[in-house]
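To start, the structure under review is shown below, and the notes come after it.
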Amino acid sequence: QVQLVESGGGSVQAGGSLRLSCAASGSTYSSVAMGWFRQALGKEREGVATIFTRGGTTYYAESVKGRFTISQDNAKNTVYLQMNSLEAEDTARYYCAAGTTSWTGTWPLAKDFYNYWGQGTQVTVSS
């Protein structure tokens, strides 16, 4: 079992920055990848960024490349999402997720790869 708790959300003006944190506890050694997803009102949950815990390989959605950065602090069992140049379209509830099953080479931001989810943190960007 892996427990995930997100923090760092809030309201910001367009062009601003926020850093989200995801603190993991429990069987964190079993995590293959840690990802950030978001879900805007009335839309499906979509993958934003992910990092493979062993090796640090990262993947990003096209919409956030160059603006968002995912990183991890293994000593603290924490994953971060630094979000810069925020846009109104980034407004959503952001969820942290952990995938503990073997990666078979599918798209790393596919929801099905992740089997543990946090409760989410709201990010609101005003234009």
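- Taking the ring centre of Phe37 as origin, the terminal cationic atom of Arg45 falls outside the region bounded by 6.0 Å and 45° from the ring axis.
- Donor-acceptor pairing under 3.5 Å is recorded for the side chains of Thr50 and Tyr114.
- Annotation: the span from Trp117 atom CH2 to Cys22 atom SG amounts to 11.0 Å, rounded to 0.5 Å.
- Residues passing the side chain to side chain contact (heavy atoms under 4.5 Å, CB included) test with Gln3 are Gln1, Ser25, sequence neighbours excluded.
- Judged by distance alone, the side chain of Ser21 and the main-chain N or O of Tyr80 form no donor-acceptor pair under 3.5 Å.
- Between the side chain of Gln72 and the backbone N or O of Thr53 there is at least one donor-acceptor pair closer than 3.5 Å.
- Outside the 6.0 Å centre-distance limit, the rings of Phe113 and Trp107 are not counted as a close aromatic pair.
- Without hydrogens or angle criteria, Asn84 side chain to Phe68 main chain gives no donor-acceptor distance under 3.5 Å.
- Across Ala92 and Ala40, no two heavy atoms sit closer than the pair CB-N, 3.7 Å.
- The main-chain N or O of Ser7 is never found under 3.5 Å from a side-chain atom of Thr121 such that the two would form a donor-acceptor pair.
- Applying the disulfide (SG to SG under 2.5 Å) rule to pairs touching residues 26-63 yields nothing, sequence neighbours excluded.
- Remark: side-chain polar atoms of Glu6 are paired, donor with acceptor, to backbone N or O of Gln119 under 3.5 angstrom.
- Using modelled atom types, one side-chain atom of Thr78 and one backbone atom of Lys76 make a donor-acceptor pair closer than 3.5 Å.
- In this structure a side-chain-to-backbone donor-acceptor pair under 3.5 Å is missing from Tyr94 to Leu81.
- Side chain of Arg67 to main chain of Ser85: a donor-acceptor pair is present (N/O by atom type, distance under 3.5 Å, no hydrogens or angles).
- Expressed to the nearest 0.5 Å, how far CD of Glu44 lies from CD of Gln39 amounts to 8.0 Å.
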